[in-house]
There are 2 protein chains.
Amino acid sequence: MQPETILESKSIRCTPIRQAILEILLKKGCPMSYKEVEAFLPEESDRVTIYRTLSLLFRKGIVHRVMDMKGTWRFCAHDPGISGCPGDHAHFECLICGRMDCLTNTCLPYIDVEDGAVVKGKHMVVYGVCSLCMK
Amino acid sequence: MQPETILESKSIRCTPIRQAILEILLKKGCPMSYKEVEAFLPEESDRVTIYRTLSLLFRKGIVHRVMDMKGTWRFCAHDPGISGCPGDHAHFECLICGRMDCLTNTCLPYIDVEDGAVVKGKHMVVYGVCSLCMK
DNA sequence: TCCCAGATGCAACAATGTTGCAGGAGTGAT
DNA sequence: ATCACTCCTGCAACATTGTTGCATCTGGGA
Ligand SMILES: [Mn+2]
Ligand SMILES: [Mn+2]
Ligand SMILES: [Zn+2]
Ligand SMILES: [Zn+2]
């Protein structure tokens, strides 16, 4: 699905930067930090605008986000044409090249918490060395 | 077990700050950020020393650490008298009061990664609202 | 006692996240 | 077309955490 279509469907004004950022996320298909996204944008792109755009996309449910093992948020868009990706899956992070991947075929386990506590979400990162970096 | 005993058993010089920090972690028994640890130390304690001490304790395997949903490391010591805590369990973080707890009775699931990739560790945070904050 | 590895304190920096504000662009109503 | 209003963007500024370098201090072994 096209970035513009997605933005319009969420009643978000379709600006060049938003379109560009969403396009990058859709094309890459893996969780990216704002820094990684920035690398694919024109030189003059503003850090805060990228930050706000990613926050907006997240708030509107267009992307999901994962915190990596360095403590930075990574944002990821899966084509909404494909049956709903709730972000409820584990992620793999390579400690060498830094790449992160969605393990969309996994499903996070049920976790028992203390009585009375309410679970809002689950977050799982599996880290190690990816196949490319192992060679 | 006493902090000094633990430090000696790992051939780490037993200094007042190390003893104090380890004692705090053992007493609280939940993953604490350096900031939280700092709050229980004398005013004049140096930020970097705390940082280095926590790193050391982690490196020596005395404590384990978890990244919380704000992207900061939390360190946690379980009494080594109790049968080995590898830190291989999930954690619950309350989004209201910020407290984090070890779910020591859980066990992280096996996750299938791409062929050729090597898993070094797994990291799972369940977040929501704790029983106290629900009231 | 002397020496040296190790511990600490302080300055300094990087990265990310976050907010405030002013100016600019787009939209819809008149 | 004009105007008003909302929203978007760019820039400055700040907080927090993590991290390193260096000078100094300290404890323990030779
Ligand atoms: Mn994902
Ligand atoms: Mn734990
Ligand atoms: Zn890799
Ligand atoms: Zn709570």
Side-chain angles (χ1 to χ4, degrees), chain A residues 3-4 6-8 10-24 31-39 41-60 62-63 65-76 93 95 98 100 123 125 127, chain B residues 3-4 6-8 10-23 31-39 41-60 62-76 93 95 98 100 123 125 127:
Chain A
E4 312 100 69
I6 299 175
L7 292 173
E8 281 164 15
K10 298 281 183 174
S11 315
I12 298 172
R13 205 180 277 178
C14 182
T15 66
I17 262 217
R18 289 175 180 179
Q19 208 172 317
I21 289 179
L22 184 50
E23 190 164 13
I24 291 167
M32 299 170 79
S33 66
Y34 97 86
K35 198 82 180 174
E36 288 176 290
V37 171
E38 191 178 37
L41 289 171
E43 283 286 339
E44 64 276 12
S45 304
D46 183 59
R47 199 170 74 83
V48 179
T49 301
I50 301 172
Y51 162 75
R52 279 199 261 241
T53 301
L54 291 172
S55 300
L56 177 74
L57 295 179
F58 171 69
R59 206 169 347 107
K60 294 292 184 177
I62 298 172
V63 304
R65 62 176 190 183
V66 199
M67 178 149 301
D68 67 22
M69 298 306 285
K70 280 185 178 167
T72 69
W73 284 114
R74 304 221 192 179
F75 299 81
C76 179
E93 180 178 349
L95 301 176
M100 185 180 264
H123 193 268
V125 176
Y127 53 92
Chain B
E4 314 98 69
I6 299 174
L7 292 173
E8 281 165 16
K10 296 281 182 174
S11 314
I12 299 172
R13 206 180 277 179
C14 182
T15 67
I17 257 223
R18 290 176 178 178
Q19 206 172 318
I21 290 180
L22 185 48
E23 189 163 16
M32 300 170 79
S33 66
Y34 98 84
K35 197 83 180 172
E36 288 176 289
V37 170
E38 191 177 37
L41 289 171
E43 285 287 338
E44 66 275 12
S45 304
D46 182 59
R47 200 171 74 84
V48 179
T49 302
I50 301 173
Y51 161 75
R52 279 199 263 238
T53 301
L54 291 171
S55 300
L56 176 73
L57 295 179
F58 172 70
R59 204 167 349 108
K60 293 294 183 173
I62 297 172
V63 303
H64 63 279
R65 63 176 190 182
V66 198
M67 178 149 300
D68 68 22
M69 299 305 285
K70 281 185 177 166
T72 69
W73 285 114
R74 302 219 192 182
F75 298 81
C76 180
E93 180 178 349
L95 300 177
M100 185 179 263
H123 194 268
V125 176
Y127 53 92

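Every chain is numbered from 1, with letters handed out A, B, ... down the list of sequences.
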Enquirer: Distance check, rounded to the nearest 0.5 Å: Ile62(A) atom CD1 versus Ile21(A) atom CD1?
Expert: 11.5 Å
Enquirer: Please report the distance, rounded to the nearest Å, between CD1 in Ile12(A) and C1' in dG26(C).
Expert: 16 Å
Enquirer: Whole-Å distance between dC7(D) P and Leu56(A) CG?
Expert: 12 Å
Enquirer: Which residues satisfy the side chain to side chain donor-acceptor pair (under 3.5 Å) test with Thr15(A), sequence neighbours excluded?
Expert: none
Enquirer: Nearest whole angstrom, please: distance from the C1' of dT8(C) to the CG of Leu54(B).
Expert: 15 Å
Enquirer: Mind calculating the distance between CD1 (Ile50(B)) and C1' (dT16(D)) to the nearest angstrom?
Expert: 14 Å
Enquirer: Let me know the distance between CD of Glu43(B) and P of dG9(C), rounded to the nearest Å.
Expert: 14 Å
Enquirer: Checking side-chain contact (heavy atoms from CB on, under 4.5 Å) against Ile50(A), which of Leu54(A), Val48(A), Thr53(A) comes through?
Expert: Leu54(A)
Enquirer: Evaluate the side-chain proximity of Trp73(B) to Met69(A): yes if any heavy-atom separation is below 4.5 Å, no if none is.
Expert: yes
Enquirer: Rounded to whole angstroms, how far apart are CG on Leu41(A) and P on dG10(D)?
Expert: 11 Å
Enquirer: In whole angstroms, how far is the P atom of dA7(C) from the CZ atom of Arg59(B)?
Expert: 9 Å
Enquirer: What is the distance, rounded to the nearest whole Å, between atom CG of Leu57(B) and atom C1' of dA7(C)?
Expert: 13 Å
Enquirer: Can you find a heavy atom in the side chain of Leu56(A) that is under 4.5 Å from one in the side chain of Arg18(A)?
Expert: yes
Enquirer: Using a 4.0 Å heavy-atom cut-off to protein, can you give one letter per nucleotide of nucleotides 10-18 of chain C, 5' to 3': B if the base is in contact, S if only the sugar-phosphate is, - if neither?
Expert: BBB---BBB
Enquirer: Indicate whether OP1 or OP2 belonging to dA25(C) is found under 4.0 Å from a side-chain N or O atom of Arg13(A).
Expert: no
Enquirer: Do the side chains of Glu93(A) and His123(B) get nearer than 4.5 Å, heavy atoms only?
Expert: no
